[in-house]
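Report on the structure given below.
Just so we're clear, the structure is a prediction, and the values are computed from it rather than from any experiment.
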Amino acid sequence: MVPLNWYLMLSATVFMIGVFGFLTRKNIIIMFMSVELMLNGVNISLVAFSHYLQDLRGQILVFFIITVAAAEAAIGLAIIIALFRNKSTAHVDEMNEMKG
Amino acid sequence: MLAKLFFGYYAAVIILLSLLVVTRKNPVRSVMWMLLLFFHIASLYLFLNAEFIAAIQVIVYAGAILVLFLFVVLLLNLREELKVKRFIGSWPAGLFVSAAILAIVINVIRSFVLVAPPGRYSIEYIKEATHTKALGTILYTEYLFPFEIASLVLLIAIIGAIVLAKRKTRSH
Amino acid sequence: MPFVMPDLRPVLPEIVMTVLALAILLADLVIKRKETIAFLSIVGVALVTYVLPGSMGTTFNGMFLSDGYSMFFKLIFMLNVILTVLISVKYIVIEKVNFGEYYALILFSTLGMMLMASAGDLIVLYLGLELMALSTYILAGFIRYDIKSNEAAMKYFLLGAFASAFLLYGTSMIYGLTGTTDLKAISAYIVANGLSGNPVLMLSMILFAVAFSFKIAAVPFHMWAPDAYEGAPTSITAFMSVGPKAAGFAVLGRVFLIAFGSVKLEWSAVLVPIAILTMGVGNIVALSQTNIKRMLAYSSIAHAGYILLGIIAGTSDGMASVLTYMLIYAFMNIGAFAVVIMLRSEGFKGDNITDYEGLSKTHPLAAALMLVFMFSLTGIPPTAGFMGKFYVFMSAINAGYTWVVIIAVMFSAISAYFYLRVVMYMYMKEPKETVQLSTSPAIGLALAITVIAVLFIGISPSTVVNLARAAVSGF
Amino acid sequence: MNNYLLIPFLPLAAFLINILLGRNFLKEKAHWVSILAVAGSWVVAVMTLVDTMAGKTINQDLYSWIVSGNFKVSVGFLIDQLTVVMLIVVTTCSTLIHIYSVGYMHGDKGYYRFFAYLSLFTFCMLMLVMANNFLQLYFGWEGVGLCSYFLIGYYFDKKSASDAGKKAFIVNRFGDFGFGIGIFMIFLTFGTIYYEPVFAQAGGFANNTVNFLGYDVHLMTLIALLLFCGSVGKSAQMPLHVWLPDAMEGPTPVSALIHAATMVTAGVFLVARCSPIFSLSETALMVVALTGAITSLFAATIGLVQNDIKRIIAYSTISQLGYMFLACGVGAYSAGVFHLYTHAFFKALLFLCAGSVMHAMAGELNLQKMGGLKKYMPVTYLTMLLASLSIAGVPGFAGFFSKDEILWLAYSGPSPVGKLVWAIGTVVAFLTAFYSFRLIFLTFHGKFRGTHEQEHHLHESPKVMTIPLILLCVGAIASGWVGIPHLLGGGAHFTEFMKPVLGHPEGHGTHSEEWMVMAVSVIAGFSGIGLAALFYLVRTDIPVKLAAGLSGVHKLLFNKYYVDEFYSFLIVRPAIWTAKNILIGITDAKIIEAIVNGVPKAIGGFSQVIRKVQTGFLQHYATIMATGILIIIALMLLR
């Protein structure tokens with residue numbers, strides 16, 4: 001039996017790789033993918049907890065997270081398209097109309 | 001032991017693929033690596049007796065969300081994309097912060113011990129009732145309410161995508 | 001497991017709200033005059049408010065709690081919707097985004113807030129939060145031909161998604177630790193098993209604090225706020241600065257006082273520095289702003305800092321003061337934004353502070369209203385803003401946080417400079433160019449409601465305070 | 001009880017109506033609203049007086065504003081003998097001055113605004129005297145100050161007027177600062193800010209001390225002196241008296257109402273109201289008595305040589321206020337309040353007469369350019385003469401009775417400085433008579449010394465102005481008759497009436513001593529009048545020679561002991577220098593602008609630095625968020 005902690009550490013690692021991607025990448029789409037990575041990290045830990053706790057609540061939450069992630073993707077990408085139309089770039093460092 | 005070996009393989013590949021996703025210059029490649037990553041994660045879910053979750057991981061994540069990503073990525077000018085730097089100037093700060101948080105979090109969860117008593121959905125129970133049925137039953141009874149909210153979230157997504165991305169303006 | 005029909009009475013307001021929002025979506029297809037839709041949504045919201053008092057109770061296995069606490073917050077949300085719709089009617093025509101979806105999204109977002117306020121379970125909380133947030137992201141980017149609006153939506157969206165990932169991580173940790181997502185069960189479990197020093201619990205608590213701090217725009221998780229507030233349509237800025245913030249406080253209060261009630265010492269150690277930083281950064285950076293929407297964004301950050309003191313106090317008096325403050329803040333802030341919106345006219349942005357020069361000469365009534373709202377935001381008696389601060393500070397002092405209150409008062413003194421600068425521009429400078437006001441009966445009504453409320457609560461706070469105290473009594 | 005509510009709220013309603021509708025609708029008819037309101041207040045006040053004389057006093061909270069734990073702020077009324085006297089004084093003077101203003105302010109462009117402010121002032125003053133707690137008192141106190149500021153600067157396009165308004169405002173801040181701390185000390189000591197429990201408990205703290213900067217200070221002395229700070233500012237006592245003469249820049253009815261009859265007496269009212277606290281501290285009382293005595297002497301000497309008709313009366317006001325404090329300081333609170341009450345009538349009358357003269361002289365204020373006006377304006381002359389007789393303490397007039405009571409109680413009372421202040425008071429009585437009649441003689445007698453044009457213009461004021469004069473004149477003569485001492489066969493009703501609130505001070509002296517004191521003050525008064533007559537009617541060359549012979553003294557007096565210059569040297573100029581050289585941006589003349597612009601510049605630099613963090617760059621935002629998380633996690637989990 002694989003210890004629960006292994007799963008948790010894997011989950012934390014995936015999550016933090018997502019954080020790293022979010023903090024460092026220029027391309028908005030990749031940033032967004034990093035967020036998905038973070039969510040996947042959370043999902044891993046939730047499914048693992050769910051399994052070890054013998055409780056389905058965690059998996060229910062994962063189900064909802066995936067649903068929300070789909071909705072988020074639709075909206076996020078729509079925002080990116082709207083932005084792309086006005087300013088043909090997907091680089092965040094070129095988007096600082098507002099600051100200070 | 002075998003389980004640990006399998007876990008070791010999946011963990012290594014998942015981490016590797018995650019790193020590839022966030023470090024590739026070409027977004028199309030990132031998406032592709034991500035696809036592979038999702039399949040691996042789905043397999044990991046199978047290990048954890050979560051067949052249904054594994055299925056929707058593949059269907060929704062890989063089948064729907066990533067395709068959506070791919071569409072948007074293809075809108076970009078890839079040639080241009082390959083010329084610019086992939087990271088922002090202050091990427092070491094990002095690396096440091098995420099690594100530091102990771103170190104602390106791992107330090108915390110390394111000693112995590114499960115204290116909560118086990119629930120009634122034991123592996124045997126799920127095996128007997130099948131995972132999808134067990135999950136579906138509580139989803140439509142106990143978790144009916146969040147399920148309804150989730151439907152609204154999806155509705156919002158449709159409205160949002162239309163409002164933000166449709167081309168013609170229809171002002172009065 | 002046999003299916004038992006859950007008691008739907010407590011969720012009646014939410015059901016009515018959902019039906020209303022869907023009806024608005026459909027009505028949008030047949031009704032060409034969008035003012036009618038605005039009117040319909042106000043009537044609908046009035047209906048929701050009407051069914052609100054009868055909805056006391058708990059349902060869906062404790063996932064949904066309709067108590068005095070949630071009801072008071074829902075009252076604030078209803079008020080927020082009504083006032084936002086009133087100030088939007090003319091404005092979205094000027095911005096050329098006069099679509100029916102606008103109102104539907106406002107209603108959906110409010111539905112999300114209502115679910116948050118009533119959430120007794122972390123899953124419901126998360127879904128409500130996402131429902132609210134996703135609708136708000138769309139609304140922030142609603143002027144899709146405007147680059148600033150796009151940018152606001154993008155920043156708000158990405159950072160919001162980032163923050164909610166942390167919320168989920170916290171949720172997963174607390175779930176793994178306690179095996180449940182029910183707030184009361186979590187609390188009971190922590191107490192029963194003596195987990196209060198557990199590092200995983202701490203980690204989870206910190207991640208919740210971070211995610212909620214993001215929603216209420218507390219420093220250092222506030223960075224999205226100034227940009228999102230500046231770029232979003234002004235009416236939505238007004239909406240965002242009250243609704244999601246109030247909802248954030250609702251869940252902050254509920255989660256921290258119920259689920260994490262036993263580790264109050266630890267979370268107050270996290271929240272006190274956040275509160276101080278929030279007040280400091282909000283008030284100090286607001287000083288050097290030239291755009292009034294941005295200034296109000298920083299002001300909104302600062303106010304979140306004051307309100308946090310009520311949560312930190314952790315007493316029922318503190319919670320009552322949070323409710324009071326939030327209600328007062330809804331009135332005074334939307335009132336101020338209503339004046340800001342009036343200055344926007346065809347071909348004139350009107351969001352620069354210098355646009356207010358000499359307003360008292362050209363539009364004395366608008367200037368006088370702005371004066372009242374600025375005084376109230378500063379916290380000068382006898383306006384409502386003073387009362388809000390008074391009760392929050394008092395509850396913090398009673399809970400032993402006198403030194404934090406001293407700092408808060410100091411920062412609040414600094415805030416006078418940027419609020420009164422607007423007043424000074426209006427009353428002591430000569431008008432440079434004639435500013436056209438885009439008035440309408442709707443915005444007039446919104447201004448009348450807000451100014452009367454600000455003055456009334458300032459002179460007679462006991463009604464509101466007693467209501468808030470009654471609301472938290474069963475908390 | 002509900003009737004009493006009308007007293008302050010009628011003027012408030014009038015203020016609101018005028019400020020909202022005055023500009024566009026009421027215009028020239030704005031006065032009706034205010035006059036009817038204040039007259040209504042007067043009627044209710046008289047009814048209240050009748051009730052109170054029947055022994056009915058009220059102490060009741062009307063409306064709780066803030067209740068938080070044991071801290072409570074409310075609007076409540078305490079109506080007792082002291083309040084009622086103040087109510088009568090305020091509403092009577094206010095009503096008559098409102099009516100007078102109709103004529104005086106006729107045709108002014110801010111007509112409605114003037115009446116709105118007058119009503120607001122009346123409201124605040126009434127709230128002040130009717131309060132049953134210190135915070136409401138403070139509210140009224142600041143309210144009247146604010147109205148005074150508005151009304152002094154009423155002619156705001158005139159620089160001297162707006163400067164005077166500002167000066168009054170700033171000088172009063174010094175006093176109010178102490179007053180505010182005093183109220184805070186009361187809250188700390190007694191745990192409440194309500195008069196009744198505070199005064200009831202005060203005796204229990206009579207021997208308490210607090211450690212202040214390493215010294216043990218008698219607690220009640222400290223509180224009393226802090227409260228007295230407020231009085232000193234508001235009632236223009238030394239050394240904060242400098243604002244009152246300048247306040248004469250305001251319209252004359254304002255001077256009469258605010259700066260003579262009502263607002264400036266709030267300080268005396270405060271001391272009388274807090275008599276249970278003051279009585280516990282001999283030191284505080286001595287300070288009050290000496291401040292009063294010195295101020296009255298000091299102001300009277302300045303009054304001797306001034307030429308500005310309104311300023312003379314202003315100094316006379318300061319001097320008479322000093323008299324009232326002198327009375328309070330020797331424990332004769334009721335005598336002080338009695339003088340407050342009689343003074344209100346004759347001083348308001350003097351100001352209104354001066355206003356009438358100015359009206360005839362087209363705004364001329366200089367005595368040296370007047371003369372012989374009595375044949376042109378007989379009503380004004382007669383009423384002003386009677387008022388002057390009253391202030392000079394001629395027997396039978398109101399001023400005689402109140403002044404005599406003060407002097408007798410000072411002489412015979414238990415105060416250690418009683419004899420001294422009595423002597424000063426007597427000298428002041430002489431000086432008062434002298435300068436009052438100097439003013440009468442120079443204005444109304446002799447030959448006209450102004451320009452031909454002015455002479456042509458001379459006329460009696462319209463009825464709407466003279467009738468208030470006549471009514472006030474009745475007060476100036478008869479108001480003292482309620483307090484005729486036993487010695488003269490009277491009943492001393494006033495003191496009896498005030499006994500429940502202010503106690504009954506007993507002079508310890510024989511009848512012959514009492515006769516002596518009275519005779520001395522009468523002689524002082526008459527010799528003052530006589531000397532003035534000699535100087536300014538018979539031998540008009542004497543004052544000129546005297547001024548030349550004693551040029552040093554004359555110059556000193558004429559320049560008001562150089563107090564303004566002293567302050568200018570000591571405070572104002574260093575302050576301005578600091579502002580100019582150190583705090584760039586506060587040099588701007590407008591206070592608010594200076595505050596609004598100046599301080600942000602100090603914090604502004606800091607603000608600009610923090611602002612840079614908000615780069616507009618998404619990843620920076622995220623990195624800051626993540627860093628925040630890291631710091632919190634590290635601090636909480638790495639222990």
Side-chain angles (χ1 to χ4, degrees), chain C residues 151 154-155 158-159 162-163 166 199 202-203 205-207 209-210 213-214 219-224 226-227 266 269-270 273-274 277 280-281 283-289 317 321 364 381-382 387 390-391 394-395 398 414 416-418 420-421 423-425 427-429 458-462 465, chain D residues 19-20 23-24 63-71 73-75 135 139 142 588 590-639:
Chain C
E151 193 182 315
M154 190 268 290
K155 285 179 175 169
L158 276 179
L159 290 173
F162 186 62
F166 280 99
M202 285 300 105
L203 178 64
M205 180 272 287
I206 292 167
L207 293 175
V210 167
S213 295
F214 177 85
V219 178
F221 313 106
H222 69 293
M223 307 292 283
W224 60 277
D227 293 3
E266 281 80 6
V270 174
I274 289 184
L277 269 177
V281 170
N283 283 318
I284 289 174
V285 183
L287 286 177
S288 51
Q289 297 305 320
D317 252 12
S321 71
M387 284 301 152
F390 176 83
Y391 283 105
M394 206 66 181
S395 67
N398 287 338
I414 291 177
Y417 295 117
F418 59 86
L420 297 187
R421 191 175 52 182
V423 174
M424 188 205 68
Y425 274 162
Y427 282 86
M428 293 183 177
K429 299 232 166 170
I459 292 165
S460 168
S462 48
V465 171
Chain D
I19 206 82
L20 291 175
R23 189 195 187 102
N24 299 323
Y63 172 67
S64 295
W65 191 43
I66 300 176
V67 185
S68 182
N70 62 346
F71 180 74
V73 182
S74 64
V75 178
L135 218 62
F139 165 77
E142 292 299 329
D588 201 287
K590 289 175 186 144
I591 304 177
I592 294 182
E593 191 164 5
I595 295 169
V596 170
N597 287 337
V599 177
K601 275 195 179 124
I603 315 170
F606 188 44
S607 171
Q608 293 289 354
V609 173
I610 305 185
R611 208 185 151 177
K612 294 237 164 63
V613 175
Q614 192 89 17
T615 51
F617 194 6
L618 191 60
Q619 264 99 2
H620 290 168
Y621 296 1
T623 309
I624 286 171
M625 278 176 68
T627 313
I629 298 170
L630 174 62
I631 292 172
I632 298 172
I633 290 185
L635 288 179
M636 296 299 291
L637 293 177
L638 291 183
R639 277 187 294 190

Atom group of C/Val210 that falls short of 4.5 Å from chain D, counting heavy atoms: side chain
From D/Leu618 atom CG to C/Leu159 atom CG, the distance as rounded to the nearest 0.5 Å: 4.5 Å
Top contributor to chain D interface from C/Val465, C/Ile459, C/Leu277 [non-hydrogen pairs under 4.5 Å]: C/Ile459
Shortest non-hydrogen separation from D/Arg611 to C/Ser288 and the atoms involved: NH1-O, 2.8 Å
Spacing of CD1 belonging to D/Ile631 relative to CD1 belonging to C/Ile206, to within rounding of 0.5 Å: 12.0 Å
Contact summary for D/Tyr621 and C/Trp224, nearest pair of heavy atoms: CD2-N, 4.3 Å
D/Ile629 side, atom CD1; C/Leu203 side, atom CG - distance, nearest 0.5 Å: 10.5 Å
Interchain contact, C/Ile414 with chain D, by part (heavy-atom threshold 4.5 Å): side chain
Chain D contacts, top residue of C/Met223, C/His222, C/Glu151, C/Lys155 (heavy-atom pairs, under 4.5 Å): C/Met223
Partner chain D: residue of C/Phe214, C/Phe162, C/Tyr391 with the largest heavy-atom pair count (under 4.5 Å): C/Tyr391
Largest heavy-atom contact set with chain D, pairs under 4.5 Å, which of C/Ser213, C/Ser460, C/Pro199: C/Ser460
Nearest non-hydrogen partners of D/Gly628 and C/Pro220, listed with the distance: CA-CG, 3.9 Å
Nearest non-hydrogen partners of C/Glu266 and D/Met636, listed with the distance: O-CE, 3.6 Å
Chain D contact via C/Phe221 - side chain, backbone, both or neither, heavy atoms under 4.5 Å: both
